[in-house]
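Starting from 1, each residue takes its place in the sequence as its number.
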Amino acid sequence: MLSTSEFNDDLTRRFVRWLRVQEYTADTNRHYLSSIVALCRFLNDIPATDVTHLDIRDFLASVAQRGVKRATIWRAMSALRCFFDFLNMGGLIAWSPPRFVRLPQLKRRVPRVLTENQMRLLSSAARDLHERTMIEVLYGTGARAGEVRSMRVEDVDLEARRIRVLGKCGYRYVLFPRAISGFLRRYIGKRRSGYLFVCRLFPRRLHLIHDPDGSWRSYFYKYNPAVKRSERVHWYASRKERLTYKQALRRLKRRIPNPTPEILIGRKPLGTTTVRYVVMRVGLKVGIHVNPQLIRHTFATHLLDHGADIRMIQKMLGHISVGTTQAYTHVSMKQVQKVLDKCHPRNL
């Protein structure tokens, strides 16, 4: 007989497997899992199948008490609805408690966008082809940061000018203008497979610590192909060796492995924050506070400014509902000005 915690853990594992079968993105899986684990911890000795809407309300109240944004509470609610809908479909419960809890509606904020001159300035501030291509792809396709991470060389069609990406709702195609083809062609080079944006190993600063007893210690990172990530390796030199700082540093550098070829040819995807870090670092050079989502907003607004149809923009952004895309109509003042100049009787 399983205990309550073991029973809830088993349901959580089954839910995660179901999310993978439904092809939810890795970010969605991670966020949903963290919300369900937090709920099971909050429930303590209550089985998930005995939860009522009152328990859901108390849990969301505890989340709100941490001072998080309203969007974070809504994200937790989405995870709970998905989890209990899964239990309902499996016949474990007869109703979905989160469906009987109401939250205050999210206020739609007008997104901030960059001007066309700012985008040109941002592109010119890139220090190498890697950064320039990434910014051009973000601005040229309107793709999300997660979609840029998942782009693969074999999914890039330079002739049709489109890239197959893994979005929030499965795979889709993003188009790019002719100007980006040259950057992609040069960046890809002779590669035929692997992730499009190569994970580059930035040199880490070495920290040598001299203990009072005369010994030296430090650490470095070594790529482990079994788990496909870098792991910290600790280094130590005893006091009996009587090493100076330069001798200890030289010996430490000899222990550090060379960059792993598997990383350099694109077998390892970029980290979850790498795209954001690259964009923000380039923006700081020219005094622009920018992130990938801001470039996505800019992409949509500039298309609208130049007369693109809102339905076409919805398709390019991968929005399910046109209502999400209509937020950009409040930003595009150029379009409003054109309508005013064209239709107002004083201008006729």
Side-chain angles (χ1 to χ4, degrees), residues 1-53 55-56 58-60 62-63 68 71-101 103 143-152 154-155 164-173 193-195 199 224-231 262 267-275 318-320:
M1 185 70 178
L2 294 176
S3 64
T4 301
S5 61
E6 291 174 340
F7 177 69
N8 289 342
D9 290 343
D10 182 61
L11 292 180
T12 303
R13 284 192 294 270
R14 293 171 182 268
F15 175 63
V16 171
R17 287 199 298 269
W18 179 79
L19 289 177
R20 290 172 183 161
V21 170
Q22 297 297 316
E23 295 186 347
Y24 282 78
T25 62
D27 289 338
T28 301
N29 292 349
R30 188 173 64 253
H31 291 315
Y32 279 17
L33 176 61
S34 63
S35 297
I36 302 307
V37 169
L39 173 68
C40 294
R41 195 179 300 119
F42 175 82
L43 294 175
N44 199 5
D45 293 330
I46 303 176
T49 51
D50 293 343
V51 169
T52 67
H53 61 288
D55 298 318
I56 299 296
D58 292 342
F59 169 70
L60 293 175
S62 69
V63 174
V68 298
T72 304
I73 302 174
W74 265 102
R75 189 170 64 185
M77 171 64 95
S78 298
L80 297 181
R81 285 178 176 175
C82 189
F83 176 64
F84 283 95
D85 286 346
F86 164 73
L87 297 182
N88 188 19
M89 286 187 296
L92 295 177
I93 57 176
W95 61 298
S96 180
R99 298 289 177 184
F100 291 83
V101 177
L103 290 178
R144 304 176 179 91
E147 293 172 339
V148 171
R149 289 179 56 236
S150 69
M151 288 179 179
R152 298 186 64 85
E154 55 266 35
D155 293 333
R164 183 173 177 260
V165 298
L166 178 60
K168 285 186 174 181
C169 302
Y171 285 97
R172 70 185 185 96
Y173 284 96
S193 63
Y195 287 96
C199 180
N224 186 349
V227 295
K228 297 183 179 180
R229 64 183 177 86
S230 297
E231 296 179 336
E262 290 188 0
R267 293 184 184 173
K268 184 177 185 294
L270 297 178
T272 53
T273 59
T274 304
V275 178
H319 288 161
I320 297 176

Rounded to the nearest 0.5 Å, what separates atom [atom1] in [X] from atom [atom2] in [Y]?
| X | Y | atom1 | atom2 | answer |
| --- | --- | --- | --- | --- |
| L87 | R14 | CG | CZ | 11.0 Å |
| R17 | N29 | CZ | CG | 13.0 Å |
| T72 | M77 | OG1 | CE | 14.0 Å |
| S5 | D45 | OG | CG | 8.0 Å |
| F42 | I56 | CZ | CD1 | 9.0 Å |

Quick one: are [X] and [Y] in side-chain contact, heavy atoms under 4.5 Å?
| X | Y | result |
| --- | --- | --- |
| L80 | I36 | yes |
| R172 | V165 | yes |
| I73 | V68 | yes |
| V16 | R13 | no |
| I93 | D50 | no |
| S150 | D155 | no |
| V101 | L60 | yes |

Identify the heavy atoms of [X] and [Y] that sit nearest to each other, and give their distance.
| X | Y | answer |
| --- | --- | --- |
| A76 | S35 | CA-OG, 3.8 Å |
| T49 | F7 | OG1-CE2, 3.7 Å |
| I46 | N8 | O-ND2, 3.3 Å |
| L166 | E147 | O-CG, 3.5 Å |
| T52 | P97 | C-CB, 3.7 Å |
| C82 | L19 | SG-CD2, 4.1 Å |

request  = Using a strict 4.0 Å threshold on nitrogen-to-oxygen distance, state whether R164 and E154 make a salt bridge.
outcome  = no

Residue pairs meeting salt bridge (charged side-chain N to carboxylate O under 4.0 Å, His left out), one or both in residues 29-43, sequence neighbours left out, come to D27-R30

*asked:* Once you measure the plane-to-plane angle for F86 and F15, does it fall in the parallel (<30°), tilted (30-60°) or perpendicular (>60°) bin?
replied: tilted

Aromatic ring proximity F100/W95, centre distance under 6.0 Å
yes

With P98 as partner, the option from F83, F84, F59 fulfilling side chain to side chain contact (heavy atoms under 4.5 Å, CB included) is F84

Hey, is the main chain of L39 close enough, under 3.5 Å, to the side chain of D55 for a donor-acceptor pair?
no

Looking only at atom types and distance, does a side-chain atom of T274 sit under 3.5 Å from a main-chain N or O of L270, one as donor and one as acceptor? no

Across all chains, not counting sequence neighbours, the salt bridge (Lys or Arg N to Asp or Glu O under 4.0 Å) partners of R81 are none

Worksheet entry | Side-chain H-bond candidate by donor/acceptor type, S96 with N88, under 3.5 Å | no

